[in-house]
Amino acid sequence: MMAEKNVGVGGGSPMEVVAARDHAEEETGSTRMRTAETLLRVLPMALCVVALLVMLKDSQSNDFGSLSYSSLGAFRYLVHANGICAGYSLLSAIVAAVPRPSTMSRAWTFFLLDQVLTYLILAAGAVSLEVVFLAYNGDKAITWSEACVSFGGFCHKATASIVITFGVVICYVVLSLISSYRLFSKYDAPVGYNHKGIEIAAFHG
């Protein structure tokens with residue numbers, strides 16, 4: 001009896017000690033996950049800013065004329081997409097860094113916005129890549145000459161900005177996977193969802 005009383009007075013029952021330890025480990029894991037996600041959201045912000053600045057400064061003038069990023073709609077779209085992604089990355093990093101209970105609405109918001117921004121920046125990179133490809137190789141079918149022969153500096157900067165943009169795409173793909181896993185592994189299917197639409201034929205002998 002004395003031994004049992006000492007255990008109770010010293011720090012609670014063994015079950016309470018185990019529960020407290022599990023809770024502490026869960027909080028530590030949650031803090032690490034939050035820190036990792038915050039850093040992962042800050043990284044594309046930095047990449048977006050770099051890609052945006054490189055493209056904004058991309059212009060060249062020579063005997064053949066002058067060429068600037070603003071002359072091409074694809075490159076303007078790339079600049080705007082990187083600006084939007086940089087702003088979202090900053091806001092989402094701030095929200096992710098603040099310790100607060102996870103809710104379904106918050107999980108859905110991150111999931112949807114991560115998906116939208118992923119497709120937005122992917123489209124910007126793909127369209128710009130096609131323009132640069134044509135600028136390097138031309139198109140004989142429409143008598144489009146290789147512009148990069150005359151504007152090599154312009155093409156090099158544009159290529160650098162596009163490569164950095166695809167780095168942003170990779171970051172957002174990872175973030176989309178994280179937000180998808182967090183949403184669909186933690187919360188149940190919406191109310192009213194059932195498996196009645198799936199029928200399995202049964203054969204009786």
Side-chain angles (χ1 to χ4, degrees), residues 23-59 68-132 154 156-191 193:
H23 181 68
E25 291 177 354
E26 183 179 351
E27 286 189 347
T28 302
S30 178
T31 301
R32 290 176 180 175
M33 177 73 77
R34 185 169 60 250
T35 301
E37 183 180 0
T38 301
L39 293 176
L40 190 58
R41 290 185 179 280
V42 170
L43 177 59
M45 180 192 69
L47 294 176
C48 284
V49 171
V50 174
L52 187 151
L53 292 177
V54 170
M55 188 61 79
L56 283 176
K57 295 180 179 180
D58 192 10
S59 61
S68 173
Y69 87 93
S70 59
S71 304
L72 299 168
F75 291 168
R76 293 197 303 270
Y77 174 44
L78 186 75
V79 169
H80 294 153
N82 274 298
I84 293 171
C85 287
Y88 170 72
S89 296
L90 176 60
L91 293 176
S92 63
I94 294 174
V95 174
V98 177
R100 64 178 63 179
S102 179
T103 61
M104 181 179 288
S105 60
R106 180 180 178 183
W108 269 107
T109 300
F110 271 115
F111 168 73
L112 292 175
L113 290 179
D114 287 346
Q115 295 289 324
V116 170
L117 270 295
T118 299
Y119 287 112
L120 176 70
I121 197 67
L122 176 60
V127 172
S128 299
L129 181 62
E130 182 180 5
V131 172
V132 168
F154 175 83
H156 292 330
K157 284 187 177 181
T159 302
S161 179
I162 294 170
V163 170
I164 297 171
T165 298
F166 275 102
V168 178
V169 172
I170 294 174
C171 291
Y172 269 101
V173 168
V174 175
L175 286 171
S176 295
L177 292 175
I178 292 174
S179 58
S180 300
Y181 174 79
R182 179 173 296 161
L183 174 63
F184 296 113
S185 65
K186 188 171 183 180
Y187 298 102
D188 296 330
V191 177
Y193 174 82

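Worth saying up front: this structure is predicted, and the values here are computed from it rather than measured.
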Atom pair [atom1] ([X]) and [atom2] ([Y]), whose distance is rounded to the nearest 0.5 Å:
X: Leu177; Y: Arg182; atom1: CG; atom2: CZ; result: 12.5 Å
X: Gln115; Y: Ser179; atom1: CD; atom2: OG; result: 6.0 Å
X: His80; Y: Leu52; atom1: NE2; atom2: CG; result: 8.5 Å
X: Leu43; Y: Leu39; atom1: CG; atom2: CG; result: 9.0 Å

Contacts of [X] that satisfy side chain to side chain donor-acceptor pair (under 3.5 Å) - sequence neighbours left out:
X: Thr165; result: Asn82
X: Thr118; result: Ser176
X: Ser59; result: none
X: Thr109; result: none

Which residues share a side-chain contact (heavy atoms from CB on, under 4.5 Å) with [X], sequence neighbours left out:
X: Ile94; result: Leu90
X: Val163; result: Thr159
X: Ala158; result: Met55, Asp58, Phe75, Val132
X: Val127; result: Ala74

Quick one: list whatever passes ring-ring contact (aromatic ring centres under 6.0 Å, His included) with Phe111, sequence neighbours left out.
->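 Here the qualifying residues are Trp108, Phe184.
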Using atom types as modelled, flag every donor-acceptor pair under 3.5 Å from a side chain in residues 168-175 to any protein atom, sequence neighbours excluded.
| residue | atom | partner | partner atom | Å |
| --- | --- | --- | --- | --- |
| Tyr172 | OH | Cys85 | O | 3.2 |
| Tyr172 | OH | Ser89 | OG | 2.6 |

Among residues two or more places apart or on two chains, list those pairs meeting salt bridge (charged side-chain N to carboxylate O under 4.0 Å, His left out) that have a residue in residues 157-177.
->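 Residue pairs passing salt bridge (charged side-chain N to carboxylate O under 4.0 Å, His left out), neighbours aside: none found.
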Only pairs at least two apart or in different chains count here, so list each salt bridge (charged side-chain N to carboxylate O under 4.0 Å, His left out) that has a residue in residues 39-52.
->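 Those involving residues 39-52 are Glu37-Arg41, Arg41-Asp114.
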Would you say Ser128's side chain and Gly125's backbone share a donor-acceptor pair under 3.5 angstrom?
->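 Looks like no, no N/O pair under 3.5 Å.
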Should [X] and [Y] count as side-chain neighbours, where that means a heavy-atom distance under 4.5 Å?
X: Tyr77; Y: Leu120; value: yes
X: Tyr69; Y: Leu78; value: no
X: Phe166; Y: Leu122; value: yes

Return the minimal non-hydrogen interatomic distance between Ser68 and Phe154, and the atom names on each side.
->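 Taking every non-hydrogen atom into account, C-CE1, 3.5 Å.
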Quick one: which of Val54, Leu47, Leu53 gives a side-chain contact (heavy atoms from CB on, under 4.5 Å) with Val50?
->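 Among the candidates, only Val54 passes.
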